[in-house]
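Below is one structure; the comments refer to it alone.
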Amino acid sequence: MVEMRAFRDEVNGWASGGPGGPASELAVRLGVRTAVLLEGLSDLAAVEALAARRGRDLAAEGVCVVPMGGAMNVGRYAGLLGPPGLGLRLAGLCDEGEQRFYERGLERARAQQGDIFVCASDLEDELIRALGTARVEEVVRVEGDLRAWQTFLRQPAHHGRPRQQQLRRFLGTKKGRKIRYGRLLVEALDPEQVPAPLDDLLKSL
């Protein structure tokens, strides 16, 4: 796992304009065969949590999960990791509104698009709908965020909105909260509740 994180760090440095040699060398040494392109760290937390629940060690399987810092970076990452670069198989998870960036990026990289799974709205929305708002609020309470949630609900801007939308917005109001709840909400799911895009992604790896 530590070495796969090192590979991920080298890939991110490469995507930012650094040399690609270290990433290429690590890919060969670690036997990396697949790169999973994710928009951000909350998606990474969710994917890793579901893999752990299912007893899978993605790193040992040659799968590197890469948060790109936004969907608009997908063309760069696909070019480096896909057919024009390291030649890895590419998979991914994206928000509905960002699907076009993935499609264009993978097309430019001459990579297959069948392993890109699309969330309705975004992954947080998928998880909230899967669990139900009452269960999500219970997770919020158990995690000690009840007071912050109640304060959020008292703000006039959020009055009258559906509970699902309120919860989704709440998860994004504090730095690091989406990442933490990406893991927590996946851990709270019953096996049959896993949202289809997330479930299908793991099954495809």
Side-chain angles (χ1 to χ4, degrees), residues 4-5 7-20 23-24 27 32-51 58 62-130 164-165 167-169 171-173 175-183 185-186 194-205:
M4 192 61 81
R5 287 197 189 110
F7 172 69
R8 188 165 64 206
D9 290 342
E10 291 295 346
V11 167
N12 288 332
W14 188 15
S16 299
S24 181
V32 182
R33 60 177 179 80
T34 300
V36 181
L37 304 180
L38 303 178
E39 294 185 43
L41 292 172
S42 61
D43 301 319
L44 172 66
V47 170
E48 289 186 336
L50 184 59
L58 295 181
V63 177
C64 183
V65 186
V66 183
M68 303 178 296
M72 288 184 289
N73 296 322
V74 68
R76 175 70 171 157
Y77 279 84
L80 296 178
L81 299 174
L86 298 185
L88 304 178
R89 175 196 166 212
L90 300 179
L93 186 73
C94 69
D95 300 346
E96 191 173 50
E98 315 297 350
Q99 183 177 359
R100 65 189 185 281
F101 294 115
Y102 272 70
E103 291 173 346
R104 292 170 187 167
L106 268 65
E107 182 179 1
R108 287 199 300 270
R110 304 189 305 278
Q112 293 183 353
Q113 300 196 18
D115 292 327
I116 301 300
F117 302 94
V118 182
C119 297
S121 293
D122 56 23
L123 183 55
E124 288 76 27
D125 186 62
E126 292 272 6
L127 292 170
I128 292 167
R129 282 190 289 108
Q164 182 175 329
Q165 291 182 15
L167 283 163
R168 182 174 166 227
R169 180 72 185 94
L171 296 183
T173 56
K175 185 177 180 180
R177 184 178 282 155
K178 279 180 67 174
I179 300 170
R180 183 159 59 98
Y181 278 91
R183 173 181 59 82
L185 297 185
V186 167
V194 178
L198 187 58
D199 186 44
D200 292 342
L201 172 65
L202 260 291
K203 289 177 178 177
S204 77
L205 301 177

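As the structure is a prediction and not an experimental result, all values here were calculated from the model.
Remark: F101 CZ to L37 CG distance equals 15.0 Å, nearest 0.5 Å. How far SG of C64 is from CZ of R33: 12.0 Å, rounded to the nearest 0.5 Å. Distance check, rounded to the nearest 0.5 Å: CG of L41 to CD1 of I179 gives 4.5 Å.
Under the 4.5 Å side-chain criterion, counting only non-hydrogen atoms from C-beta, V118 is not in contact with P197. Side-chain contact between L202 and V47: present, with at least one pair of heavy atoms (C-beta onward) separated by less than 4.5 Å.
Identified under the salt bridge (charged side-chain N to carboxylate O under 4.0 Å, His left out) test for residues 35-49, with sequence neighbours left out: R8-E48. Listed by first then second residue, pairs satisfying side chain to side chain donor-acceptor pair (under 3.5 Å) with a partner in residues 67-85 read N12-Y77, not counting sequence neighbours. Here side chain to side chain donor-acceptor pair (under 3.5 Å) pairs that include residues 196-205, with residues two or more places apart or in two chains, are R54-D199, D199-K203.
Among all heavy-atom pairs drawn from P84 and A109, the shortest one is CD-O, 3.2 Å. Closest approach of L205 to L201, counting heavy atoms only: CG-O, 3.2 Å. Across all non-hydrogen atoms, the minimal contact from I116 to Y102 is CG2-CD2, 3.8 Å. Shown here for A23 and W14, the closest heavy-atom pair between the two residues is CB-CE3, 3.9 Å. Across all their heavy atoms, R177 and T173 have their closest contact at NH1-OG1, 2.7 Å.
Applying the 6.0 Å contact sphere to CD of Q113 captures more than 12 heavy atoms from other residues, nucleotides or ligands.
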Just list the side-chain donor-acceptor pairs under 3.5 Å for residues 90-98, sequence neighbours left out, or say none.
none

Contacts table for residues 119-127: side-chain donor-acceptor under 3.5 angstrom, sequence neighbours left out:
residue: D122; atom: OD1; partner: E124; partner atom: N; Å: 3.4
residue: D122; atom: OD1; partner: D125; partner atom: N; Å: 2.8
residue: D122; atom: OD1; partner: R168; partner atom: NE; Å: 3.2
residue: D122; atom: OD2; partner: R168; partner atom: NE; Å: 3.0
residue: D122; atom: OD2; partner: R168; partner atom: NH2; Å: 3.1
residue: E124; atom: OE2; partner: S42; partner atom: OG; Å: 3.1
residue: D125; atom: OD1; partner: Q164; partner atom: NE2; Å: 2.6
residue: D125; atom: OD2; partner: R129; partner atom: NE; Å: 3.1
residue: E126; atom: OE1; partner: R129; partner atom: NH2; Å: 3.2
residue: E126; atom: OE2; partner: A120; partner atom: N; Å: 2.8

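Partner of L88 under the side-chain contact (heavy atoms from CB on, under 4.5 Å) criterion, chosen from T34, V32, V36: V32.
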Next on the checklist: I'd like to know whether L185 forms a side-chain contact (heavy atoms from CB on, under 4.5 Å) with L171, so could you lay out the CA-CA distance, the side-chain angles of the two residues, the decisive distance to 0.1 Å, and finally the verdict.
Outcome noted: CA-CA 11 Å; L185 297 185; L171 296 183; 4.1 Å; yes

Next on the checklist: side-chain contact (heavy atoms from CB on, under 4.5 Å), that's the test. Do V186 and L198 meet it? Break it down for me.
Outcome noted: CA-CA 10 Å; V186 167; L198 187 58; 4.0 Å; yes

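Q165 meets the side-chain hydrogen bond (donor to acceptor under 3.5 Å, both in side chains) test with no other residue; sequence neighbours excluded.
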